[in-house]
Amino acid sequence: MVDRKATELIDVLRSKPYLDLTDLAQAALLHLVGAMGARAQGAVLHSVHPSTMLEVAVAEPSDFHRAMQRDFAIYQRHNMQQPLLRYCLTHPDETPVTLSQCAPDRRRWEETALYREYFRPLGVKDQLAIVTNFGGLHHSGVSVSGPERGCFSDRDQALMRVVRDEFRVAVERAEHQMYLRLSQDFEAQLQTSEQVAVIAVDRLGLVRMCSGALWGIVDECLGPFARGAPLPAALADVARHLAGVPPSSRRPYVVPSFAGDASFVVLWFGRHGDREGVLRIDLAHAYDDRWCRLQPDEVRLMSLWASGRSADSIGSELRISAKTVHNKINKIYTKLDVPNQRAAIREFYGRRLREASA
């Protein structure tokens, strides 16, 4: 029985390179829950930053994920009271292991704030966990939650043991896909101007990449920053808010330096609802100066171009040829320090939103 269920789950894990951990969790965790039947309420894919204990978790089925995320801030605040987490971080090679094995004193565990405020409302009495990836910027693992203490059998532990290495490979492949995607967005934002700082942030809110001509100034005024460490609180709040806003509604943010002697314009590029993305930071006066380079007729042309009009349509309205429209647009790209139409339109609407908010 274990072999058949393990084989089905392994086939899912090997079926394709998943885009990220969310994509992987949605495909694999439902199979894991189904393999354990009524003993499993839900399964969770965890990532933990070892020095800060910042944690992100993706769960299946979806109703269990929603219930878990509703009070996840409570879990994050008290997660070092979790004996299973502490055991996994200190004995990664000795998993799978259950919560009841790590917390033999049931009364003491149930008196903790973590159990009273988080696990009991969820109805979780036991968990079975494996560590899939250990070391580097963060650790990853999979846990299955059960409704009764001691509900997981030796067969369940054997299943988790069999699929542990397959989960490790699948997580590494998903991480690689995420890194490639972040790298592309990171490089694209670096090319928008010679005077920017760009920061790529993963789903944990950890800095993965940082560069740009303004990096020294940004690091001094808004930092310090370090690869593998969380964003400073001010920028983390901006990124968290903007990630929850649809891209068409995002506004550039003005963030002052800690000393109050400089201001920066912060823009966020990432998928809606996903904390993974790229922050681009401009000096506020430089961000404005680029638009001051445009003549009134160029601003009008850019407004028409950004609305989706064709070169022929714009040419007819302005009484110039389509070729002249394209030539003028290319000059606008140069003045704005942007590489292409998409970047120019994003700058145009970002500028308009910023003026409206002001």
Side-chain angles (χ1 to χ4, degrees), residues 2 5-6 9 21 25 28-29 32-33 35-60 64-65 67-69 71-136 138-168 171 204:
V2 169
K5 292 177 178 178
L9 182 53
L21 291 189
L29 295 186
L32 182 58
V33 171
M36 295 188 184
R39 298 183 299 280
Q41 297 167 294
V44 185
L45 185 59
H46 305 262
S47 287
V48 183
H49 186 249
S51 62
T52 63
M53 295 308 297
L54 269 172
E55 184 170 353
V56 66
V58 184
E60 288 291 339
F64 182 76
H65 177 78
M68 183 195 72
Q69 290 293 335
D71 295 318
F72 196 72
I74 295 174
Y75 174 84
Q76 185 70 76
R77 188 161 61 246
H78 301 299
N79 64 354
M80 281 311 295
Q81 296 177 2
Q82 161 67 299
L84 183 58
L85 175 61
R86 294 200 305 269
Y87 184 90
C88 288
L89 291 176
T90 53
H91 303 83
D93 296 329
E94 297 178 22
T95 59
V97 64
T98 65
L99 175 59
S100 54
Q101 290 171 331
C102 296
D105 189 340
R106 179 175 180 174
R107 181 177 176 181
R108 184 176 179 183
W109 158 239
E110 293 182 352
E111 288 176 349
T112 64
L114 181 61
Y115 178 81
R116 289 185 286 103
E117 297 177 25
Y118 185 74
F119 280 95
R120 186 165 62 190
L122 271 179
V124 173
K125 299 292 183 64
D126 207 351
Q127 289 182 305
L128 173 61
I130 54 174
V131 175
T132 58
N133 304 72
F134 194 81
H138 56 86
H139 310 320
S140 300
V142 176
S143 69
V144 183
S145 296
E148 299 295 337
R149 187 174 175 87
C151 62
F152 296 109
S153 65
D154 292 341
R155 181 175 293 179
D156 296 329
Q157 295 205 34
L159 171 63
M160 296 287 272
R161 190 175 295 109
V162 168
V163 300
R164 181 173 57 189
D165 286 343
E166 295 294 337
F167 262 109
R168 176 183 57 78
V171 167
L204 279 172

Taking all atoms of both residues into account, what is the closest heavy-atom pair of [X] and [Y], and its distance?
X	Y	value
Leu9	Ala28	CD1-O, 3.4 Å
Tyr118	Ile74	CB-CG2, 4.3 Å
Ala43	Leu29	O-CD1, 3.4 Å
Cys102	Leu84	SG-CD1, 3.8 Å
Glu55	Asn79	OE1-ND2, 3.6 Å

With a 4.5 Å cut-off on side-chain heavy atoms, are [Y] and [X] touching?
X	Y	result
Thr112	His78	no
Leu128	Met36	yes
Leu85	Met53	yes
Leu122	Asp71	no
Leu99	Trp109	yes
Gln127	Ser145	yes

Applying side-chain contact (heavy atoms from CB on, under 4.5 Å), run through Tyr87 and Glu94 and close with a yes or a no. CA-CA 9 Å; Tyr87 184 90; Glu94 297 178 22; 2.8 Å; yes

Roughly how far, to the nearest 0.5 Å, is the [atom2] atom of [Y] from the [atom1] atom of [X]?
X	Y	atom1	atom2	value
Leu21	Ser47	CG	OG	5.0 Å
His46	Ile130	NE2	CD1	10.0 Å
Leu89	Phe134	CG	CZ	6.0 Å
Met80	Arg86	CE	CZ	6.0 Å
His139	Thr132	NE2	OG1	11.0 Å
Arg39	Asp156	CZ	CG	4.0 Å

Sidechain-backbone polar pair: [X] side chain, [Y] backbone, donor-acceptor under 3.5 Å:
X	Y	value
Glu60	Ala25	no
Asp126	Ser100	yes
His138	His49	no
Gln82	Leu114	no
Arg164	Val131	no
Gln101	Thr98	yes
Tyr115	Lys125	no

Heavy-atom count check: over 12 atoms from other residues, nucleotides or ligands less than 6.0 Å from Arg161 CZ? yes

Counting neighbours of CG on Asp105 that are heavy atoms of other residues, nucleotides or ligands and sit closer than 6.0 Å, is the number greater than 12?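 For Asp105, atom CG is crowded (more than 12 foreign heavy atoms under 6.0 Å).
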
Parallel, tilted or perpendicular: which describes the rings of Tyr75 and Phe119, with under 30° parallel and over 60° perpendicular? perpendicular

